[in-house]
Student: 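Provided herewith is a single structure, encoded as structure tokens, for subsequent inquiry.
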There are 2 protein chains.
Amino acid sequence: MTRLSAELRRDRLIQAALTVIAREGVHGATTRAIVAEAGMSLASFHYVFPSRDRLIHDVIARVLRDQQQVSFESLETAGSPREAVRLGLDAYFELLSREPERELAMFELMHYAMRNPDFGRLPRVQHASYRATARELLEAGAAQVGFAWSRPVDEVARLLVVMVDGMTVAWLADRDDAAASLVMDFIADSLAAMTVPAMQTLSSTAVAR
Amino acid sequence: MTRLSAELRRDRLIQAALTVIAREGVHGATTRAIVAEAGMSLASFHYVFPSRDRLIHDVIARVLRDQQQVSFESLETAGSPREAVRLGLDAYFELLSREPERELAMFELMHYAMRNPDFGRLPRVQHASYRATARELLEAGAAQVGFAWSRPVDEVARLLVVMVDGMTVAWLADRDDAAASLVMDFIADSLAAMTVPAMQTLSSTAVAR
DNA sequence: GTCTATAACCGGATAGAC
DNA sequence: GTCTATCCGGTTATAGAC
């Protein structure tokens with residue numbers, strides 16, 4: 001029909017794939033389902049992607065790129081480290097509750113990548129990207145509220161990702177909001193215990209043990 | 001060939017399925033691959049299972065049943081709550097390191113069940129089973145080493161499962177043993193902070209806040 | 001570049017002989 | 001009860017017209 005550039009077509013297919021994967025799972029994201037979602041023909045798919053696996057690969061890469069745009073808004077009203085962490089967790093949980101399939105899809109994509117040797121180090125990169133995002137948030141929170149982390153921030157970021165991932169897995173399985181709230185309280189308490197009041201003249205890294 | 005009872009045949013197929021799922025993932029566990037692993041014909045499969053999905057369902061149920069047999073041995077030498085938790089975590093990590101695909105398979109099975117409405121509450125049950133096992137270990141550890149949990153043990157169990165799941169996801173993605181060790185130290189410290197010295201005359205539940 | 005049509009294959013499930 | 005042979009729907013990928 002209308003002539004589209006290969007780049008635009010790739011973008012649309014990746015976006016459509018993400019939608020279908022969230023709705024039907026990686027298994028249900030067949031090339032047919034994806035092109036139907038994108039409103040194009042099956043042949044057009046193979047004009048821009050050599051294979052379905054290559055598309056899945058690029059979907060993961062896209063997710064990693066886009067996820068960097070996290071919101072720092074929720075931190076602005078926090079009065080204490082604990083509150084800053086708790087507000088950030090609330091914002092995440094709100095996202096998780098609104099689109100559970102989206103988060104489930106992230107796990108499915110990671111596991112799919114782990115099973116396919118062609119995906120190489122992508123699972124590793126995906127997890128590193130999560131930690132990098134967590135680190136940014138932790139540093140932004142510290143700057144915003146005025147405190148420093150008493151451990152290397154990379155360590156704190158890893159612990160945060162571990163706990164948030166675990167909480168997500170649990171909530172996806174049992175959909176227990178109250179239990180998730182309990183876990184978030186625990187996370188907030190744990191991270192708050194890793195902070196020290198800010199020193200004006202020293203950078204936060206210099207304060208770390 | 002040799003005549004087998006339906007029950008025995010079911011057992012063998014479930015066992016074979018578990019092997020194939022660990023090796024190839026849920027996606028790769030086709031009926032053909034499973035019967036090849038079990039050394040029987042495709043028709044035999046459908047003689048005892050109405051469908052592949054029903055087999056997957058039963059595989060999950062089997063896993064839940066068998067997992068109860070956890071080892072309490074590692075706790076015996078512990079001298080403190082923190083050490084007890086750390087030893088338990090070491091034992092788990094040893095298992096994870098030895099058969100990573102097995103743990104990956106557990107996640108895949110849970111996610112597969114989440115995507116299929118026919119599986120009903122099975123994901124919920126699966127997670128509840130993990131927590132129940134964690135609870136048993138926590139109670140055994142307290143009894144063995146001689147301390148009590150200062151929070152409801154169900155809460156502690158949930159936090160433990162959340163952290164262990166998160167650690168597992170992270171390690172499967174990046175295979176970073178040192179980072180996992182750091183996380184296990186954190187878990188041990190966190191749980192140790194939730195203990196109080198045992199009172200001889202009161203049960204541990206009576207001591208909980 | 002984009003489409004329709006089809007090749008080539010694979011998977012779950014079944015028929016029917018033994 | 002157990003097997004071989006087959007059906008049938010669905011999947012990726014490609015051929016070839018426009």
Side-chain angles (χ1 to χ4, degrees), chain A residues 1-21 23-60 105 108-109 112-113 115-119, chain B residues 1-60 105 108-109 111-113 115-119:
Chain A
M1 196 79 70
T2 45
R3 242 165 167 90
L4 296 174
S5 75
E7 270 315 303
L8 182 53
R9 209 163 265 274
R10 282 174 52 87
D11 275 10
R12 287 201 189 169
L13 282 169
I14 288 173
Q15 191 52 50
L18 208 49
T19 303
V20 176
I21 291 169
R23 196 172 56 221
E24 320 266 0
V26 173
H27 175 70
T30 64
T31 52
R32 280 173 161 83
I34 292 166
V35 297
E37 178 72 29
M40 61 182 79
S41 77
L42 190 52
S44 296
F45 177 95
H46 283 288
Y47 181 74
V48 284
F49 285 107
S51 70
R52 173 179 177 273
D53 268 4
R54 182 65 215 190
L55 167 69
I56 301 288
H57 180 282
D58 288 5
V59 166
I60 296 175
E108 286 183 293
L109 283 170
Y112 188 85
R115 288 293 185 188
N116 191 336
D118 293 348
F119 282 62
Chain B
M1 198 77 71
T2 46
R3 244 166 167 86
L4 297 174
S5 74
E7 270 316 304
L8 182 53
R9 207 164 267 274
R10 282 174 51 87
D11 275 9
R12 288 202 189 168
L13 282 169
I14 288 172
Q15 191 53 51
L18 209 49
T19 302
V20 176
I21 291 170
R23 196 172 59 221
E24 320 265 1
V26 173
H27 174 71
T30 64
T31 52
R32 283 175 163 83
I34 292 166
V35 297
E37 178 71 29
M40 60 181 81
S41 76
L42 190 51
S44 297
F45 178 95
H46 285 287
Y47 181 74
V48 283
F49 286 106
S51 69
R52 173 179 178 271
D53 269 3
R54 182 66 214 191
L55 166 70
I56 301 288
H57 181 282
D58 288 5
V59 166
I60 296 175
E108 287 183 291
L109 283 170
H111 293 157
Y112 187 85
R115 287 293 185 187
N116 192 335
D118 293 347
F119 282 62

Student: Taking C-beta and beyond as the side chain, do B/Thr31 and B/Leu55 meet within less than 4.5 Å on heavy atoms?
Tutor: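 A side-chain contact is absent here, since even the closest heavy-atom pair is not under 4.5 Å.
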Student: Side-chain contact, heavy-atom cut-off 4.5 Å: B/Ile56 with B/Phe49?
Tutor: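 The answer is no; the side chains never approach within 4.5 Å.
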Student: Could you tell me which non-hydrogen atom of A/Val20 sits nearest to which non-hydrogen atom of A/Ala33, and how far apart they are?
Tutor: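 Of all heavy-atom pairs spanning A/Val20 and A/Ala33, the closest is CG2-O, 3.9 Å.
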Student: Using a cutoff of under 3.5 Å, can you pull out all pairs of nitrogen or oxygen atoms linking the protein to nucleotides 13-18 of chain C, with atom names and distances?
Tutor:
from, atom 1, to, atom 2, distance (Å)
C/dA13, OP2, B/Arg52, N, 2.9

Student: Using whole Å, what does the distance between atom C1' of nucleotide C/dG1 and atom OH of A/Tyr47 come to?
Tutor: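 For the pair A/Tyr47 OH and C/dG1 C1', the rounded distance is 5 Å.
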Student: Answer yes or no: is there a side-chain heavy-atom contact under 4.5 Å between B/Phe119 and B/Ile60?
Tutor: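 Yes; the side chains approach each other to less than 4.5 Å.
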Student: Just checking A/Thr30: base, sugar-phosphate only, or nothing, at a heavy-atom cut-off of under 4.0 Å?
Tutor: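 If one applies the 4.0 Å heavy-atom cut-off, A/Thr30 turns out to touch the sugar-phosphate alone, with no base involved.
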Student: Quick check: closest heavy atoms across B/Ala16 and B/Ala38, and the distance to 0.1 Å?
Tutor: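 Closest approach of B/Ala16 to B/Ala38, heavy atoms only: CB-CB, 3.7 Å.
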Student: Which parts of residues 11-22 of chain B get close to DNA chain D, meaning a heavy atom less than 4.0 angstrom away?
Tutor: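 By residue number: none to list.
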Student: Classify A/Ser44 by what it touches in the nucleic acid, base, sugar-phosphate, or nothing, heavy-atom distance under 4.0 Å.
Tutor: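 Since only primed, P, OP1 and OP2 atoms lie under 4.0 Å of A/Ser44, the category is sugar-phosphate.
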Student: Please check this pair: side chain of B/Arg115 against backbone of A/Val26, looking for a donor-acceptor N/O pair closer than 3.5 Å.
Tutor: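 Between the backbone of A/Val26 and the side chain of B/Arg115 there is no qualifying donor-acceptor contact (under 3.5 Å).
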Student: Which atom pair, heavy atoms only, marks the closest approach of A/Ala17 to A/Val59?
Tutor: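 In terms of heavy atoms, the two residues are closest at CB-CG2, 3.8 Å.
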Student: Atom CG of B/Leu8 and atom P of D/dG1: how far apart are they, to the nearest Å?
Tutor: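 Going from B/Leu8 (CG) to D/dG1 (P), I get 12 Å.
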Student: Identify which one of B/Gln15, B/Arg12, B/Arg23 satisfies the side-chain contact (heavy atoms from CB on, under 4.5 Å) criterion when paired with B/Glu37.
Tutor: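 Answer after filtering B/Gln15, B/Arg12, B/Arg23: B/Arg23.
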